[in-house]
A.B. asks: 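Before anything else, here's the structure in question.
Residue numbers run from 1 in the order of the sequence given.
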Amino acid sequence: VRRRFDNERQQEVEGAASYTHTFREGHTLAVDYTHAMQDETENNHYTNHYTVPADPETADNTLIKQRNSENLVRFIYTNRIDERNTIVAGYQAELDKSNMDYFAEDLVGTDWIKNTDKSNNFIFNEQVHSIYATWEHNFNKFSLMVGARGEQSYIKSNLLTLSQIVRDHYFMLYPTLHTAY
């Protein structure tokens, strides 16, 4: 039987701002920014009771701290050229960071000893920058939208406990084709 007492605290904050400039009907430039933060602390205290086979009771604790920060920036240009043609182009940046600190300890006799097999601290940073453009054309009952999106990603994973850093940087191009009838 494993019993847990969990004292947990979580805070979340999110804010957003946007601005749109209208040049004329159907011709706009929009700027958006969103920021979100989450901070969570979970303090777990476990008691382990063994019945089959009967073993002495044990205890362990885990202290889990997670902090996440997310930022989203967007610039969106829209130009309805005429009744049949619209161009949309934009830039978007997703800037995210997570810090996950997991501390475990076991009761050995009357002393609490850090459990190095279960404890770790991990920091994850991700930046994704993208540029995209689409062109939409309406033919009476049929419409066609074509475009492309290029994404440059910068990812850094840092396992502080083992002094290991893994980086992953890459560029991807995503074509778009939508049809409707």
A.B. asks: Around atom CZ of Phe139, are there more than 12 heavy atoms from other residues, nucleotides or ligands closer than 6.0 Å?
C.D. replies: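 Result for CZ/Phe139: enclosed.
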
A.B. asks: So which atom in Asn48 and which in Arg2 form the shortest heavy-atom distance, rounded to 0.1 Å?
C.D. replies: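 Smallest interatomic distance, heavy atoms only, reads OD1-NH1, 2.6 Å.
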
A.B. asks: May I ask you to test the Asp106-Thr58 pair for a side-chain heavy-atom distance under 4.5 Å?
C.D. replies: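 Asp106 does not reach Thr58 side chain to side chain.
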
A.B. asks: If hydrophobic clusters are built from ILVMFWY residues whose side chains come within less than 4.5 Å, do Leu95 and Phe75 share one?
C.D. replies: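 No; Phe75 is not reachable from Leu95 via cluster members.
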
A.B. asks: Give a yes or no on whether Glu57 atom CD has more than 12 heavy-atom contacts from other residues, nucleotides or ligands under 6.0 Å away.
C.D. replies: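 Yes, the 6.0 Å shell around CD holds more than 12 heavy atoms from other groups.
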
A.B. asks: If we only count heavy atoms from C-beta on, is the Glu83 to Asn138 side-chain gap below 4.5 Å?
C.D. replies: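 Sidechains of Asn138 and Glu83: no contact.
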
A.B. asks: Kindly give the heavy-atom pair with the smallest separation between Asp82 and Arg84, and that separation in Å.
C.D. replies: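 Closest approach of Asp82 to Arg84: OD1-N, 2.9 Å.
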
A.B. asks: Applying a strict under-4.5 Å side-chain criterion to I, L, V, M, F, W and Y, I'd like to know whether Leu29 and Ile131 cluster together.
C.D. replies: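 Leu29 does not cluster with Ile131.
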
A.B. asks: Minimum heavy-atom separation for His169 to Tyr154, with atom names?
C.D. replies: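 Where His169 meets Tyr154 most closely, the heavy atoms are ND1-CA, 3.3 Å.
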
A.B. asks: Please enumerate all residues that pass side-chain hydrogen bond (donor to acceptor under 3.5 Å, both in side chains) together with Asp101, with sequence neighbours excluded.
C.D. replies: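 side-chain hydrogen bond (donor to acceptor under 3.5 Å, both in side chains) check on Asp101 returns nothing, list empty.
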
A.B. asks: Is there side-chain contact between Ile81 and Glu136, with at least one heavy-atom pair below 4.5 Å?
C.D. replies: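 Side chain of Ile81 against side chain of Glu136, heavy atoms only: no contact under 4.5 Å found.
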
A.B. asks: State the OH-CG distance between Tyr102 and Leu63, to the nearest 0.5 angstrom.
C.D. replies: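 Rounded to the nearest 0.5 Å, the OH-CG separation comes out at 10.0 Å.
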
A.B. asks: Give a yes or no on whether the backbone of Tyr170 and the side-chain of Gln152 come within a donor-acceptor separation of less than 3.5 Å.
C.D. replies: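 Yes, the answer is positive, given that a donor and an acceptor are paired below the 3.5 Å cut-off.
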
A.B. asks: Are side-chain heavy atoms of Leu173 and Phe171 found at a separation under 4.5 Å?
C.D. replies: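 Yes, side chains in contact.
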
A.B. asks: Could you go through the side chain to side chain contact (heavy atoms under 4.5 Å, CB included) check for Ile87 and His27 one step at a time?
C.D. replies: CA-CA 9 Å; Ile87 293 173; His27 188 193; over 6 Å; no

A.B. asks: Are any non-hydrogen side-chain atoms of His35 and Val73 less than 4.5 angstrom apart?
C.D. replies: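 They are not in side-chain contact.
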
A.B. asks: Are Trp135 and Phe142 grouped together when hydrophobic residues (ILVMFWY) are joined by side-chain heavy atoms under 4.5 angstrom apart?
C.D. replies: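 Yes, Trp135 connects to Phe142 through the hydrophobic network.
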
A.B. asks: A side-chain contact here means heavy atoms from C-beta on lying under 4.5 Å apart; do Thr86 and Thr78 qualify?
C.D. replies: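 Answer yes - side chains close enough.
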
A.B. asks: To the nearest 0.5 Å, tell me how far Glu126 CD sits from Ser157 OG.
C.D. replies: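 Here the interatomic distance stands at 9.0 Å.
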
A.B. asks: Would you compute the distance between atom CZ of Arg67 and atom CD of Gln38 and round it to the nearest 0.5 angstrom?
C.D. replies: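 Answer for the CZ-CD pair, Arg67 versus Gln38, is 10.5 Å.
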
A.B. asks: So, Thr62 side chain and Ala104 main chain: donor-acceptor pair closer than 3.5 Å or not?
C.D. replies: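 Between the backbone of Ala104 and the side chain of Thr62 there is no qualifying donor-acceptor contact (under 3.5 Å).
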
A.B. asks: What distance separates Glu70 CD from Asp96 CG, expressed to the nearest 0.5 Å?
C.D. replies: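 Glu70 CD to Asp96 CG: 5.0 Å, rounded to 0.5 Å.
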
A.B. asks: Please give me the minimum heavy-atom distance between Tyr91 and Tyr132, naming the atom from each residue.
C.D. replies: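 For Tyr91 versus Tyr132, the nearest heavy atoms are N-CE2, 4.1 Å.
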
A.B. asks: Quick check on the hydrophobic clustering: are Tyr19 and Leu72 connected, directly or via other members, by side-chain heavy-atom contacts under 4.5 Å?
C.D. replies: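 In one cluster: no.
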
A.B. asks: Between Asn61 and Tyr46, what is the shortest heavy-atom contact and its length?
C.D. replies: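 Answer, listing the atom of Asn61 first, then Tyr46: OD1-N, 4.1 Å.
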
A.B. asks: Rounded to the nearest 0.5 Å, what's the gap from CG on Asp60 to CG on Leu107? Could you check?
C.D. replies: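 Output value for this atom pair is 9.5 Å.
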
A.B. asks: Going only through I, L, V, M, F, W and Y residues with side-chain contacts under 4.5 Å, is there a path from Tyr174 to Ile155?
C.D. replies: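 Yes.
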
A.B. asks: With a 4.0 Å cut-off on N to O distance, would you call Arg4 and Glu42 a salt bridge?
C.D. replies: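 The answer is yes: the pair qualifies as a salt bridge.
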
A.B. asks: Side chain to side chain contact (heavy atoms under 4.5 Å, CB included), that's the test. Do Thr34 and Glu94 meet it? Break it down for me.
C.D. replies: CA-CA 10 Å; Thr34 302; Glu94 295 177 62; over 6 Å; no

A.B. asks: Taking atom CZ of Arg149 as the centre, does the number of heavy atoms from other residues, nucleotides or ligands within less than 6.0 Å exceed 12?
C.D. replies: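 More than 12 within 6.0 Å, yes.
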
A.B. asks: Side chains of Arg167 and Asn158: any donor to acceptor distance under 3.5 Å?
C.D. replies: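 There is no such pair (donor and acceptor under 3.5 Å, judged by atom type) between the side chains of Asn158 and Arg167.
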
A.B. asks: With sequence neighbours left out, what residues match Asp32 under salt bridge (charged side-chain N to carboxylate O under 4.0 Å, His left out)?
C.D. replies: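 Listed in chain order: Arg74.
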
A.B. asks: Would you say Glu8 has more than 12 foreign heavy atoms packed within less than 6.0 Å of its CD?
C.D. replies: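 Count over threshold, so yes.
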
A.B. asks: What distance separates Met145 CE from Leu177 CG, expressed to the nearest 0.5 Å?
C.D. replies: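 Between atom CE of Met145 and atom CG of Leu177 there are 8.5 Å.
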
A.B. asks: Would you say the side chains of Asn121 and Thr161 form a donor-acceptor pair under 3.5 Å?
C.D. replies: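 Checked: Asn121/Thr161 side chains show no N/O donor-acceptor pair below 3.5 Å.
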
A.B. asks: Do Tyr33 and Asn71 come close enough that some side-chain heavy atom pair is under 4.5 Å?
C.D. replies: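 They are in side-chain contact.
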
A.B. asks: Is Val166 close to Gln164 at the side-chain level, that is, under 4.5 Å between some pair of heavy atoms?
C.D. replies: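 Counting from C-beta outward, Gln164 and Val166 never come under 4.5 Å.
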
A.B. asks: Run Thr176 and His178 through side chain to side chain contact (heavy atoms under 4.5 Å, CB included) and show every step you take.
C.D. replies: CA-CA 7 Å; Thr176 301; His178 296 272; 3.1 Å; yes

A.B. asks: With Asp39, which of Gln66, Gln10, Arg9 fulfils side chain to side chain contact (heavy atoms under 4.5 Å, CB included)?
C.D. replies: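 Result: among Gln66, Gln10, Arg9, Arg9 is the only option passing the side chain to side chain contact (heavy atoms under 4.5 Å, CB included) with Asp39.
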
A.B. asks: For Phe122 and Phe124, take the angle between the two ring planes, folded into 0 to 90°, and tell me which bin it lands in: parallel under 30, tilted 30 to 60, perpendicular over 60.
C.D. replies: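 Plane angle under 30°, so parallel.
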
